[in-house]
Amino acid sequence: MKKSARFFMTALSAVMLLSIITDSSVPEAAAKKKVTVKKVTVTAPSGRTAYVAKGKKVRLTSAVKVKPDKKANKKVRYTSKNKKVATVSASGVVKGKKAGKTKVIVQSKKNKKKKASIRIVVKKAAVKKITLPAALTLAPGNTKKLSATVTPGKNVSRILTWTSSDPKTAVVKGGTVTAKQAGTAVITAKATDGSGKKAVCKVTVTAPPAVSVSQTGIKSIETLDSGTLGITLSRAQVLTASGIKIQCRGTANGSYQTAEIDTVFSNDHVTYVVAMKAGTFLRENDFVKVTIPSLPGIKTKEVIARFIKPVSPPVTYVSGSVGEKLEKTLYFDEYVTGKLVSVRVSGLPSGFRYAAGSAVVRISGRAKAVSEGATATVTVTDETGKKLSQTVRFYIGDATHLVAVKDPFKVLAAIKGTDKNGSEFYKCGYFSREIYTQIAGGSSKKVTEAAVVEGALPKGVTLEQSYSKYVITGYIEKTGTYRFKIKITMEDGLTAVIPIEITAVEPVKVSGTVKDATGKPVSGISIRFDSLEEEYDYGDFSYLDNIGDDGKYELYIMKNLIYDISCEKVSLGRKKITSSQTWNVGLPLYRVDFALDAAARQWVPKAEGTAENKYSYFSTYLALESNELFAGKMYCYGKYVYVKPGTYEASGKMDVVYNKYTDDGVYDGNDKVTCYARGSFTVKDKNLQNVTLSLSDVPLE
């Protein structure tokens, strides 16, 4: 019995000891959690490529995405692929040894399979000096790109980092400073090659000038077109159509007629676009008075309607052959007010004379000698005392002399972008210009051969034959002035050498959102910026962008030009664009969607093979004619249109395109039927229309 008891107690002690040993191992196992390294990344002060000067050092920054997210798990090992070019320390400091290229590998110590690499470029020389403008003054909302000069000019890295001492006052990105609010900020540009060189620019953001109550109110009025005014206030104030009164009269002593207001739009409550209802038709020299009773200061202002261009007329040409009767009429009606009260012409070549009309000057005569750019100046004065001049150049050839010229011209430097598929494309910069502006002499006007005979075409530009013309076309990515010469040969064998000068200028970006009168983004229409200054062979520069479904647009245009801006024939005002900016737009228009009525849909052929695919879509070509006076006729080319309030009659052609399928459901192309439709509808304020159109038996205009 005693022996059995002792055996039992010994066994029990062994079991308890084993249990204690087993239990004590559980916390230790739990403490050893699995470490999972997901990703390793590395960057340098200069970005994804590290630029370092010979003999200088830059520090790499590594990041390890790991679980658990502990410092001990984020340790890495740095290795240089070519230590003769650059070495790297255990803490990630790269030292340039000699000019060349190599890579540094960054490897997780917890998981050697997880690593990253960074390209190292060692420059022969280090940055010695960086120069920036000492000071810059901007108004809130304005931007300016700082130009940094890096010395020496060769064999160094020009990549800089940009920082602002006070981002609330001014921010900087890539050297472009954007003013935020009144105050001062120091912009610093620092070299990234390890030299430590930097430069600073003190930016002062000005405060808006204080405006006394007596000065507040209507600041200016501009007649944008015959039925639209631009009203600018001295400070922001919310206005509606009921709070604005517009009166018009034809003469200073005439009776005022009150104009009904169609829509009032503003993006900032300072500048308003006010559209008058159809029936009000402003003419040149009409008097327009605006009254806004709710303003605390200047409540009334009157202006004379002016639709003239605020620029000088472009250069014009007289070209032909010796002895040939030549004539050129200069039209000044777009540039002057009223009639011409005086005309003076100087520099006319022998054989030419001039005659003046109410707003025109006609030059005519027979050239007596060959001329390659003789210049005459026409100076006129209008009824208001305004003077302006126009240059006339003469290019005269004969049977044995061919004369030709190409005016120097500007293009936008091309900017590359990447689409959603990763493919590169040019956002702007494409141009195509004929190789001559004027040509005269000989018996033929057809160029049969053209070749560059001096200098070279800019990179990205080609000389091509387009139909019966030779053109210079392509993209220029780098800003600057490019000069070369082209020799042309005519069909009659005469030749001429034409100097070409192209200046590629940095574009400015204007972007924003366009909304309709209900506040919803518009889509499927275009916004236009039309330059008032001649910059193209045959007319004004025009830039347009098709507005996306989200209402957003983006345009790259030439800076320091005055533009008339419009959307769907609605004037949005006149602006001089000097820098990149965001410009949101409101339109006094309402969207009308078109659909076929039930009877018309039954008439459309059913898709073959499947009953559910009767038709896919339809396109319309409709003439919309308003019952309002002076509204005229407009055309719609899609399934919807944006119009002002009013009553409309719609008629025109419709193309219905539908999918075809085989009996077993396989797509078999599409087909189209053409029919004619009509309908009437009325658009009221805040009323989004869905209009059904009925089929017509006969075509309607």
Exercise. Closest heavy-atom contact between Phe425 and Asp419?
Worked result: CE2-N, 3.6 Å
Exercise. Are the side chain of Asp492 and the backbone of Ser443 linked by a donor-acceptor contact shorter than 3.5 Å?
Worked result: yes
Exercise. Any sub-3.5 Å donor-acceptor pair from Thr437's side-chain atoms to Asp407's backbone N or O?
Worked result: yes
Exercise. Do the non-hydrogen side-chain atoms of Thr481 and Glu501 ever get within less than 4.5 Å of each other?
Worked result: yes
Exercise. Does Val497 reach the side chain of Ile486, with side-chain heavy atoms less than 4.5 Å apart?
Worked result: no
Problem set entry | Heavy-atom pair with the smallest gap, counting every atom of Ser580 and Thr143 | O-OG1, 3.3 Å
Problem set entry | Heavy-atom closest contact (Val461 atom, Phe431 atom, distance) | CG2-CZ, 3.8 Å
For this session: May I ask you to decide if Glu554's main-chain N or O and Asp545's side chain share a donor-acceptor pair within less than 3.5 Å?
Result: yes
For this session: Identify, with sequence neighbours excluded, every residue that meets side-chain hydrogen bond (donor to acceptor under 3.5 Å, both in side chains) alongside Glu449.
Result: none
For this session: Please answer whether the main-chain N or O of Val452 pairs with a side-chain N or O of Glu454 as donor and acceptor at a distance below 3.5 Å.
Result: no
For this session: Verify ring-ring contact (aromatic ring centres under 6.0 Å, His included) between Tyr470 and Tyr436, making sure each step is shown before the conclusion.
Result: CA-CA 9 Å; Tyr470 280 86; Tyr436 61 83; 9.9 Å; no
For this session: Answer yes or no: is there a donor N or O on one side and an acceptor on the other, between the side chain of Thr462 and the main chain of Glu464, under 3.5 Å?
Result: no
Exercise. For the residue pair Ile435 and Ala450, what are the closest heavy atoms and their distance?
Worked result: CD1-CB, 3.9 Å
For this session: Hey, could you give me the CZ/CG distance between Arg366 and Leu326, rounded to the nearest 0.5 Å?
Result: 8.5 Å
For this session: Answer yes or no: is there an ion pair linking Glu383 with Lys339, defined by an N-O contact shorter than 4.0 Å?
Result: no
Exercise. So how far is it from Ile565 CD1 to Ile557 CD1, rounded to the nearest 0.5 Å?
Worked result: 7.5 Å
For this session: May I ask you to decide if Ser579's main-chain N or O and Lys144's side chain share a donor-acceptor pair within less than 3.5 Å?
Result: no
For this session: Determine, step by step, whether Asn546 and Ser526 satisfy the side chain to side chain donor-acceptor pair (under 3.5 Å) criterion, reporting the C-alpha distance in whole Å, the side-chain angles of both residues, the deciding distance to 0.1 Å, and the verdict.
Result: CA-CA 4 Å; Asn546 292 319; Ser526 298; 2.5 Å; yes
Exercise. Going by atom types alone, do Gln438 and Ser319 pair a side-chain donor with an acceptor below 3.5 Å?
Worked result: yes
Problem set entry | Under 3.5 Å donor-acceptor, Asn421 side chain and Ser423 backbone | no
Exercise. Is there a side-chain contact between Tyr640 and Val592 (heavy atoms, below 4.5 Å)?
Worked result: no
For this session: Tell me whether the centres of the aromatic rings in Phe394 and Phe352 are closer together than 6.0 Å.
Result: yes
Exercise. Rounded to the nearest 0.5 Å, how far does CG of Leu463 lie from CZ of Phe484?
Worked result: 8.0 Å
For this session: For residues Tyr430 and Thr473, determine if any side-chain heavy atom of one lies less than 4.5 Å from a side-chain heavy atom of the other.
Result: yes
Exercise. Any idea which heavy atoms bring Leu282 and Leu229 closest together, and the distance?
Worked result: CD1-CD2, 4.0 Å
Exercise. Looking at Asp530 and Arg528, does any basic side-chain N land under 4.0 Å from a carboxylate oxygen?
Worked result: yes
Exercise. Checking Ser523 side chain against Gly551 main chain: does a donor-acceptor pair fall under 3.5 Å?
Worked result: no
For this session: For Lys416, check salt bridge (Lys or Arg N to Asp or Glu O under 4.0 Å) against everything at least two apart and list the hits.
Result: Glu424, Glu477
Exercise. Hey, does the side chain of Ser466 reach the backbone of Lys469 with a donor-acceptor pair shorter than 3.5 angstrom?
Worked result: no
For this session: Working to the nearest 0.5 Å, report the span between NZ of Lys576 and CG of Leu532.
Result: 11.5 Å
Exercise. Do you know which two heavy atoms are closest between Val403 and Gly397, and how far apart they sit?
Worked result: CG2-N, 3.9 Å
Exercise. Distance from Asp516 atom CG to Tyr642 atom OH, nearest 0.5 Å?
Worked result: 5.5 Å
For this session: May I ask you to decide if the ring planes of Tyr563 and Phe529 are parallel, tilted or perpendicular, using 30° and 60° as cut-offs?
Result: perpendicular
For this session: Step by step, work out the side chain to side chain contact (heavy atoms under 4.5 Å, CB included) result for Thr223 and Asp286.
Result: CA-CA 10 Å; Thr223 47; Asp286 278 356; over 6 Å; no
Exercise. Judged by atom type as modelled, is there a donor-acceptor pair below 3.5 Å linking the side chain of Lys145 to the main-chain atoms of Gly174?
Worked result: yes
Problem set entry | Non-hydrogen side-chain atoms of Thr316 and Lys328 separated by less than 4.5 Å | yes
Exercise. NZ of Lys406 to CD1 of Ile498: how many Å apart, nearest 0.5 Å?
Worked result: 9.0 Å
